Participant: 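Encoded as structure tokens, here's the structure I'll be asking about.
Scope of the values below: all heavy atoms of this structure, side chains included, with no hydrogens, waters or symmetry mates. The chains referred to below are lettered A, B, ... by the order of the sequence lines, with proteins before strands, and numbering in each begins at 1. The structure displayed is predicted, hence computed values, not measured ones.
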2 protein chains.
Amino acid sequence: MKRFVEVEQLLRAKGVRLTDQRRLVVRRAVAYLHFTAEELVRDVKGFDPSVARGTIYRTLALLHQAGVVEKHDFRYGPPNYEVTFAKAHHDHLMCVQCGEIIEFQEPRVETLQQAVVKRYGYQLLSHTHKLYGLCRTCQHVDRKRVSLPPTLHVEEVVA
Amino acid sequence: MKRFVEVEQLLRAKGVRLTDQRRLVVRRAVAYLHFTAEELVRDVKGFDPSVARGTIYRTLALLHQAGVVEKHDFRYGPPNYEVTFAKAHHDHLMCVQCGEIIEFQEPRVETLQQAVVKRYGYQLLSHTHKLYGLCRTCQHVDRKRVSLPPTLHVEEVVA
DNA sequence: TACCTAATTGAGACTCAGTCTCAACTATTG
DNA sequence: CAATAGTTGAGACTGAGTCTCAATTAGGTA
């Protein structure tokens, strides 16, 4: 079955009223792996310019609340949405030069996270774990030519 | 020696020209552990309202580039700056209810990160690792009363 | 099937955080 | 002390997202 049908069923089960606009937004969103809100706006408006920005943002929020998409901050540019519906948990590795995003799983990190929160008496609800680096290809290009965002080289730089 | 004197020396060593405005911004910034840009703007303007917003943002960027402050996205509200000058590397654990931030060190996570990037042929440059949960106190209050940002319960929720 | 009503929509004003421009000013160099 | 390159203040501007509200519509009900 098409993914968007399943998502629409999920939304309906949550009591969300489906409209033509929402159906279009859902179908366009699940066509992506990662997208920004404004990319989705442009994409949807390409199919039907009469759908309002507000409607697209509202529908995106519904998808978010329903757990269909997750919101990520990859530090470069606006937040990035990922369609995680029926997908296993994973973290991300991003090439800061070409923007490639790799999804990886490392359960041992999760074990250590539990150890950390236990140490402080916390109950863990969620986490953000993102690695930034250079992919094999980009390690061999002249980095001097590239203007990286100024953020990169100072935030949590690995020794 | 006062921290801000050291920071000013560092900036000067980088060829940054020091002005009265910059000195004020630096002194106010290093008085904090964590702060947002707009908090810093209000704080600085409390001492000298004639300092322009633009100047404060520009000086903050200088501090960022010089590695004196790091920029964090804690998902709730605008980015948060942390004065990391002469501080050991650490990650963060945040209580989503009361906002408490704990800095923790877990070198074994870093080891695993190296293993992950090696797996994909990447060269690791930096990372973001933040844990979100409930502190001991907040685990025992009625959570129904609290309106958490809608983001929380869907992003990378731990199973 | 038509009706009812609460939910949703489109349009655009609005907000917030941050950036940019540029003439006026000022710290450093020679 | 003059030259000049860097810095400043003021405010316009931007991007991304939110809000308002009258008009419209989905989906339950008669």
Participant: Is a side-chain donor or acceptor of A:Q139 paired with a backbone partner of A:L134 at a separation under 3.5 angstrom?
Facilitator: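 A pair under 3.5 Å: yes.
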Participant: Please give, in whole Å, the distance from C:dA7 P to A:K14 NZ?
Facilitator: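 Nearest whole value for this atom pair: 18 Å.
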Participant: Heavy-atom nearest nucleotide on DNA chain C for A:P49 versus B:T36: which residue maps closer to 5'?
Facilitator: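 Here A:P49 is the residue nearer the 5' end.
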Participant: Measure from the side-chain heavy atoms of B:T19 and tell me the nearest of C:dA27, C:dT9, D:dA16.
Facilitator: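 Nearest to the side chain of B:T19 among the choices is C:dA27.
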Participant: Could you give the CZ-to-C1' distance, from B:R12 to C:dT28, as a whole number of Å?
Facilitator: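 Computing the B:R12:CZ to C:dT28:C1' distance gives 10 Å.
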Participant: So which one's nearest nucleotide on DNA chain D is more toward 5', A:V16 or B:V16?
Facilitator: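 The residue whose closest nucleotide sits nearer the 5' end is B:V16.
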Participant: Using the rule side chain to side chain donor-acceptor pair (under 3.5 Å), only one of B:R22, B:R3, B:R27 pairs with B:E8; which is it?
Facilitator: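 Exactly one candidate clears the test, B:R27.
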Participant: Measuring from the side chain of A:R17 (C-beta onward, heavy atoms only), which nucleotide among D:dG27, C:dG10, C:dT28 has the closest atom?
Facilitator: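 Given the options D:dG27, C:dG10, C:dT28, the side chain of A:R17 is closest to D:dG27.
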Participant: Check if the side chain of B:R58 and the base of D:dG9 share a donor-acceptor pair of N or O atoms closer than 3.5 Å.
Facilitator: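 Answer is yes: a donor-acceptor pair is held.
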Participant: Rounded to the nearest angstrom, tell me the gap between atom CD1 in B:I56 and atom P in C:dG18.
Facilitator: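 Distance check: B:I56 CD1 to C:dG18 P gives 12 Å.
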Participant: Picking from D:dG9, C:dT19, D:dG17, which would you name as closest to the side chain of B:Q21?
Facilitator: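 The nucleotide sitting nearest to the side chain is D:dG9.
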Participant: Could you tell me the separation between the NZ atom of B:K45 and the C1' atom of D:dG11, rounded to a whole number of Å?
Facilitator: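 Spelled out: NZ on B:K45 to C1' on D:dG11 is 11 Å.
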Participant: Between atom CD in A:E39 and atom P in D:dG15, what is the gap in whole Å?
Facilitator: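 Atom-to-atom, A:E39 to D:dG15, this comes out as 15 Å.
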Participant: For D:dG6, take OP1 and OP2 only and decide whether either is under 4.0 Å from a side-chain N or O of B:R22.
Facilitator: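 For D:dG6, OP1/OP2 do not have a side-chain N/O of B:R22 under 4.0 Å.
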Participant: Atom CG of B:L18 and atom C1' of D:dG6: how far apart are they, to the nearest Å?
Facilitator: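 For the pair B:L18 CG and D:dG6 C1', the rounded distance is 13 Å.
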Participant: Mind checking if A:S50 touches a base, just sugar-phosphate, or nothing, with heavy atoms under 4.0 Å?
Facilitator: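 The answer is sugar-phosphate, as A:S50 gets under 4.0 Å only of primed atoms, P, OP1 or OP2.
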Participant: If you check the A:A52 side chain, which of C:dA6, D:dG17, C:dA11 turns out closest?
Facilitator: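 Minimum distance to the A:A52 side chain belongs to C:dA11.
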Participant: Kindly assign one of parallel, tilted or perpendicular to the pair A:Y120 and B:F104, based on the angle between their ring planes and the thresholds 30° and 60°.
Facilitator: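 The arrangement is tilted - the two ring planes meet at 30° to 60°.
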Participant: For D:dG17 and A:R53 - does any side-chain N or O of the residue sit under 4.0 Å from the phosphate oxygens OP1/OP2?
Facilitator: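 False: A:R53 side-chain N/O out of range (4.0 Å or more) of D:dG17 OP1/OP2.
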Participant: Drop me the distance from A:L11's CG to A:Q65's CD, to the nearest 0.5 angstrom.
Facilitator: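 With rounding to 0.5 Å, CG (A:L11) is 10.5 Å from CD (A:Q65).
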Participant: What is the distance, rounded to the nearest whole Å, between atom NE2 of B:H64 and atom P of C:dT19?
Facilitator: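 In whole Å, C:dT19 P and B:H64 NE2 are 12 Å from each other.
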Participant: Given the rule in the ring-ring contact (aromatic ring centres under 6.0 Å, His included) test, do B:H89 and B:H129 qualify, once you have shown the distances and angles that lead to the verdict?
Facilitator: CA-CA 12 Å; B:H89 172 72; B:H129 188 210; 9.5 Å; no
Participant: C:dA17, C:dT9, D:dA16: which one has an atom nearest the side-chain heavy atoms of B:Y57?
Facilitator: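 In terms of side-chain proximity for B:Y57, the closest of C:dA17, C:dT9, D:dA16 is C:dA17.
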Participant: Atom CZ of A:F35 and atom P of D:dA16: how far apart are they, to the nearest Å?
Facilitator: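 In whole Å, D:dA16 P and A:F35 CZ are 15 Å from each other.
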